[in-house]
Amino acid sequence: MAIIPTDLLDRIRDLERQIRELMGSANTTPALNQINNGEVVIGDGGRLRVRSAEGEDLIHMGRVQPDRGPDKPQQGLMVRRDDGSLALTVRTPAPDQLSTQPVQIFDRWGNVVVADDAAQRGLARPYIPYALPRPVDTARWESTGSVEWTTLYSGPGIVQHPRLYARIAVRGAAGAEVRLLVDGVPVGPVGTPDAGLEFTEPLSAAFSATVTFEIQAKVAAAGDTVRCSPLALYGVQS
């Protein structure tokens, strides 16, 4: 039997090891769930689509509906909650009427609660009221001497929040009271002179409903007078 040099056997073993390594790396699939240095490009009307474990669409990024026209897709963003309801969009729902895309945030019932103005600038929703200037001289505040509830202020409002914050300044004789009504129904506690009226209470009116706010007052005894002036009336979160 021929004698094989030791160094030749070592070389053969090295070759076998290298072949095994090459075969192993050829059968190994690189990870496809990470991008460490680079980018993903989706073009030509394509989109990225993310679905929940139940198969519900969560995110559309790229082509969204409706299209702007034949062979003219609309590119934007749609984000849904895992119950399927819309949460946020960057798209125009009517491209033939509004070409620019507003950014809109929806509540769980599909109401637009925050949006930018797609036609010009700034906010479209929510509507934010400005504080109304009022007379500094309390003698010029609306007043009553009636012992029955009397409406001193009345005006409309658009409901956009689940609760109402109100603050009303009150001056007058002891025992006088002031209250706020929404569509004829009292909301919150009554206010008294000096302490005034300040509260935050739930609103039962539907979202975007137009309601009538009233401020009423009355005195405890004939001959007394009560005056009041609204300081703030805001919709606030729950």
Side-chain angles (χ1 to χ4, degrees), residues 64-66 76-134 141-142 144 146 148-170 177-192 196-218 226 228-238:
V64 295
Q65 295 297 325
L77 170 68
M78 295 177 66
V79 179
R80 295 181 181 274
R81 300 175 181 85
D82 61 5
D83 62 3
S85 62
L86 270 178
L88 181 147
T89 63
V90 182
R91 65 162 185 163
T92 171
D96 56 332
Q97 301 175 19
L98 181 65
S99 60
T100 54
Q101 295 178 317
V103 177
Q104 297 180 320
I105 298 177
F106 300 81
D107 67 10
R108 287 172 296 137
W109 286 268
N111 300 307
V112 179
V113 293
V114 179
D116 65 340
D117 192 306
Q120 296 188 30
R121 59 181 174 81
L123 283 174
R125 283 184 179 273
Y127 305 144
I128 300 177
Y130 294 102
L132 298 177
R134 67 186 191 281
W141 293 2
E142 293 296 324
T144 183
S146 175
E148 303 293 335
W149 286 113
T150 303
T151 299
L152 302 182
Y153 298 89
S154 179
I158 300 176
V159 176
Q160 298 186 79
H161 301 81
R163 297 202 300 170
L164 173 71
Y165 168 77
R167 185 180 176 190
I168 301 171
V170 184
E177 294 180 328
V178 170
R179 68 181 183 180
L180 176 72
L181 295 85
V182 179
D183 281 344
V185 178
V187 176
V190 296
T192 58
L197 176 60
E198 184 175 12
F199 66 82
T200 301
E201 292 288 339
L203 275 176
S204 60
F207 177 83
S208 202
T210 300
V211 298
T212 299
F213 294 105
E214 292 180 86
I215 298 175
Q216 294 184 341
K218 68 176 182 177
V226 60
C228 65
S229 178
L231 303 179
L233 199 62
Y234 285 94
V236 294
Q237 66 183 27
S238 57

Taking all non-hydrogen atoms of both residues, which atom of [X] and which atom of [Y] are closest, and how far apart?
X	Y	answer
Val187	Pro202	CG1-O, 4.3 Å
Leu233	Ala166	CD1-CB, 3.7 Å
Asp116	Pro102	OD1-CA, 3.4 Å
Pro126	Gln160	CA-OE1, 3.5 Å
Pro93	Pro66	O-CG, 3.5 Å

Any donor-acceptor pair under 3.5 Å linking the side chain of [X] with the backbone of [Y]?
X	Y	value
Arg125	Val114	no
Ser229	Trp141	no
Asp117	Ala119	yes
Asp183	Thr212	yes
Arg91	Gln65	yes
Thr100	Ala118	yes
Tyr153	Glu142	yes

How far does [atom1] of [X] sit from [atom2] of [Y], to the nearest 0.5 angstrom?
X	Y	atom1	atom2	result
Thr89	Arg80	OG1	CZ	10.0 Å
Lys218	Ser146	NZ	OG	9.0 Å
Arg163	Phe199	CZ	CZ	11.5 Å
Leu88	Met78	CG	CE	10.0 Å
Leu86	Trp109	CG	CH2	15.0 Å
Cys228	Leu152	SG	CG	4.5 Å

Problem - side-chain hydrogen bond (donor to acceptor under 3.5 Å, both in side chains) partners for Gln216, two or more places apart - result: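 Per chain and number, Gln216 pairs via side-chain hydrogen bond (donor to acceptor under 3.5 Å, both in side chains) with Thr151, Arg179.
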Handout entry: side-chain hydrogen bond (donor to acceptor under 3.5 Å, both in side chains) against Ser99, all qualifying residues, sequence neighbours excluded
Key =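 With neighbours one apart ignored, the set is empty.
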Practice task
From the options Leu197, Leu181, Thr150, Ile168, select the one residue that forms a side chain to side chain contact (heavy atoms under 4.5 Å, CB included) with Ile215.
Solution key: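 Result: among Leu197, Leu181, Thr150, Ile168, Ile168 is the only option passing the side chain to side chain contact (heavy atoms under 4.5 Å, CB included) with Ile215.
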Practice task
Determine, stepwise, if the pair Arg167 / Tyr234 fulfils side-chain contact (heavy atoms from CB on, under 4.5 Å).
Solution key: CA-CA 9 Å; Arg167 185 180 176 190; Tyr234 285 94; over 6 Å; no
Within-4.5 Å side-chain heavy-atom neighbours: [X] and [Y]:
X	Y	result
Phe213	Val182	yes
Val236	His161	no
Phe207	Val159	no

Practice task
For Ala87, check side chain to side chain contact (heavy atoms under 4.5 Å, CB included) against everything at least two apart and list the hits.
Solution key: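 Testing Ala87 for side chain to side chain contact (heavy atoms under 4.5 Å, CB included), a comparison that skips the adjacent residues, returns Arg81.
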Exercise for the section: Check the pair Phe106 / Val112 against side-chain contact (heavy atoms from CB on, under 4.5 Å), numbers first and verdict last. Expected result: CA-CA 5 Å; Phe106 300 81; Val112 179; 3.6 Å; yes
Handout entry: side-chain contact (heavy atoms from CB on, under 4.5 Å) assessment of Leu164 paired with Glu201
Key = CA-CA 5 Å; Leu164 173 71; Glu201 292 288 339; 5.7 Å; no
